[in-house]
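First up is the structure itself, then whatever we jot down about it.
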Amino acid sequence: ILGFNSLAQTREFYNDLSSVYVNKEKRKELFEKLKSENEVDNYIFRAQKGNGNKSWLKLEARVNKYDTEGNMEIDGFIEDITKKYKMEQELAKSEEKYRSLFENQHAVMLILDPDSGKIVDANPAAVNYYGYSYEDLTSKNIDEINQLSQDKIYNKMDNASDSNKNIFEFKNSIRYS
């Protein structure tokens, strides 16, 4: 994972294994957690590889035993998750961008469960337009605010799904306060 053929090569290159960690505090945090809980699952940290590149690693480890000087022997697995981690970060940025566009859009937008017609999400413009609170609106089904029959609603939803459209228009009922 770090670009060496043996633990001896790794130790020789790094002098001590603490220099593997890009953020030295993560090593301290890891050992504190191992001391208090005797194990870690999904411990993610950034590592400095022998070739100068950095990668994201996931560690699962447990304390096997302590020697007479209080040093711990650790058994575990390390996985290079660099590609997965970068994709997750990109996905999170994309979701944040989408969320911002959805929330700040002046057009009325609803997200529906395509199988049930339940309103899963509504942007502020929809809340304002329909006159319901967000909680009330997202507790409804599309047929509760739509003027079409239930059959026609689901037919339009099926047509949108079959033709890979993610937009369709309905005439809806609005609430007057």
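The model shown is predicted, which means the values in this text are computed figures rather than measured ones. As a basis for the values below, the full set of heavy atoms in this structure was taken, side chains included, without hydrogen atoms, waters or symmetry mates.
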Inset, instruction - Would you check if Ile44 and Trp56 make a side-chain contact, meaning some heavy-atom pair closer than 4.5 Å? - result: yes
Legend entry - Under 3.5 Å: donor-acceptor pair, side chain of Asp113, backbone of Gly117: no
Legend entry - Main-chain N/O of Val108 paired with Tyr130 side-chain donor or acceptor, under 3.5 Å: no
Inset, instruction - Kindly indicate whether the side chain of Arg46, heavy atoms from C-beta on, has any atom under 4.5 Å from the side chain of Ser55. - result: no
Legend entry - Expected output: side-chain Ser139 to main-chain Asp136 donor-acceptor under 3.5 Å: yes
Legend entry - Test item: Ile111 and Asn123 side chains (from C-beta on) under 4.5 Å apart, heavy atoms: no
Inset, instruction - Could you tell me whether the side chain of Ile74 reaches within less than 4.5 Å of the side chain of Asn64, counting heavy atoms only? - result: no
Inset, instruction - Check whether any side-chain heavy atom of Val40 lies under 4.5 Å from a side-chain heavy atom of Leu30, and answer yes or no. - result: yes
Legend entry - Glu96, CD atom: more than 12 neighbouring heavy atoms under 6.0 Å: no
Legend entry - Backbone of Asn38 reached by a side-chain donor or acceptor of Lys33 within 3.5 Å: no
Inset, instruction - Determine, using the 4.5 Å side-chain heavy-atom cutoff (strictly less than), whether Leu59 and Leu2 are members of one ILVMFWY cluster. - result: yes
Legend entry - Flag if over 12 foreign heavy atoms under 6.0 Å of NZ, Lys24: yes
Inset, instruction - Quick one: sort the Tyr98 and Phe102 rings into parallel, tilted or perpendicular, breaks at 30° and 60°. - result: parallel
Legend entry - Student check: side-chain heavy atoms of Leu112 and Ile119 closer than 4.5 Å: yes
Inset, instruction - Start with the C-alpha gap between Lys35 and Met72, add the side-chain angles, then the distance that decides, and say whether side-chain contact (heavy atoms from CB on, under 4.5 Å) holds. - result: CA-CA 9 Å; Lys35 284 178 186 174; Met72 59 177 90; 3.3 Å; yes
Inset, instruction - State whether Arg99 and Asp121 are salt-bridged, where the test is any N-O pair (Lys NZ or Arg NE/NH1/NH2 against Asp/Glu carboxylate O) under 4.0 Å. - result: yes
Inset, instruction - Grab the two heavy atoms, one from Leu57 and one from Ala47, that are nearest each other, plus how far apart they are. - result: CD1-CB, 3.5 Å
Inset, instruction - With rounding to the nearest 0.5 Å, note down the distance linking CD in Glu29 to CG in Asn23. - result: 8.5 Å
Legend entry - Geometric cation-pi criterion Lys140 and Tyr132, 6.0 Å radius, 45° cone: yes
Legend entry - Single-linkage hydrophobic cluster, 4.5 Å side-chain cutoff, Ile81 and Tyr43 together: no
